[in-house]
Amino acid sequence: ACAGIVDVFENELKNSNLTDKKARINDEITCALNYDIALYYLFSKDYGTAQQYFQKVVAINPKFGRAKVLMNAMPKCQKARDKYEQIMNN
């Protein structure tokens, strides 16, 4: 069910206009959509994809939410997940 919302958000991002503050999908909404998609992938434990979406947010607005902190945390999350899986498979 949640994956469907990612498709909706992705479709809305096609209408993004970063230079027009009055646009329906302006820079702030674009950041919010990318941030929400990143959170979906974070909670799905797809850290690489989450990091890509956090990077998109940071490229537009480095001070948006905690995108920069979360973006930088993704490699550590992936490393921890890999270590956990290695332990569970032994």
Side-chain angles (χ1 to χ4, degrees):
C2 289
I5 197 67
V6 170
D7 293 336
V8 171
F9 287 177
E10 284 285 356
N11 194 46
E12 288 298 323
L13 285 169
K14 294 175 187 174
N15 300 310
S16 177
N17 185 334
L18 301 178
T19 57
D20 182 358
K21 289 287 187 191
K22 294 182 181 181
R24 188 172 68 83
I25 309 295
N26 63 15
D27 60 333
E28 289 183 34
I29 301 300
T30 299
C31 283
L33 290 170
N34 279 302
Y35 191 85
D36 288 347
I37 294 169
L39 290 177
Y40 167 80
Y41 284 112
L42 169 63
F43 289 114
S44 298
K45 297 183 177 133
D46 184 346
Y47 303 115
T49 305
Q51 184 176 28
Q52 291 173 4
Y53 280 94
F54 285 130
Q55 286 172 338
K56 291 178 183 185
V57 175
V58 171
I60 298 167
N61 181 354
K63 296 181 181 180
F64 189 90
R66 298 189 47 85
K68 193 170 189 177
V69 171
L70 291 167
M71 176 188 75
N72 291 331
M74 292 303 96
K76 290 179 186 176
C77 291
Q78 184 64 53
K79 187 175 180 180
R81 180 177 183 195
D82 292 346
K83 188 170 185 174
Y84 170 79
E85 288 178 358
Q86 182 182 16
I87 290 169
M88 296 306 291
N89 290 327
N90 287 333

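Computed from a predicted structure; not experimentally measured. Numbering of residues begins at 1 and proceeds along the displayed sequence.
Hydrophobic clustering (ILVMFWY, side-chain heavy atoms < 4.5 Å, transitive): Phe43 and Tyr47 are in one cluster.
Between Asp27 and Leu18, the shortest heavy-atom contact is CA-CD2, 3.7 Å. Between Tyr41 and Ala50, the shortest heavy-atom distance links the atoms CB-N, 3.7 Å. Considering every non-hydrogen atom in both Ile25 and Asn15, the closest pair reads CB-O, 3.7 Å.
Shown here is Arg66, whose CZ atom has no more than 12 heavy atoms of other residues, nucleotides or ligands within 6.0 Å.
When Ile29, Val57, Leu39 are each tested for a side chain to side chain contact (heavy atoms under 4.5 Å, CB included) with Asn34, only one passes: Val57.
The shortest distance between side-chain heavy atoms of Arg81 and Glu85 falls below 4.5 Å. Inter-residue side-chain proximity for Leu13 and Ile37 is flagged as met; some heavy-atom pair is nearer than 4.5 Å.
In this structure, CD1 on Ile60 lies 4.5 Å from SG on Cys31, to the nearest 0.5 angstrom. Ile5 contributes atom CD1, which lies 11.0 Å from atom CG of Asn11 (distance to the nearest 0.5 angstrom). Taken from OG in Ser16 to CZ in Arg24, the straight-line distance is 10.5 Å, to the nearest 0.5 Å. In this structure, CD in Gln52 is found 12.5 Å from CE in Met74, a value given to the nearest 0.5 Å. Atom-to-atom distance recorded for Phe54:CZ and Leu70:CG is 4.0 Å, nearest 0.5 angstrom. Phe64 contributes atom CZ, which lies 14.5 Å from atom NZ of Lys56 (distance to the nearest 0.5 angstrom).
The closest donor-acceptor contact from the side chain of Asn26 to the backbone of Lys22 lies at 3.5 Å or more, if one exists at all. The closest donor-acceptor contact from the side chain of Asp46 to the backbone of Leu42 lies at 3.5 Å or more, if one exists at all. For Asn72 (side chain) and Lys68 (main-chain N/O), a donor-acceptor pair under 3.5 Å exists by modelled atom type.
Using modelled atom types and a 3.5 Å distance limit, the side chains of Asp82 and Gln78 yield a donor-acceptor pair.
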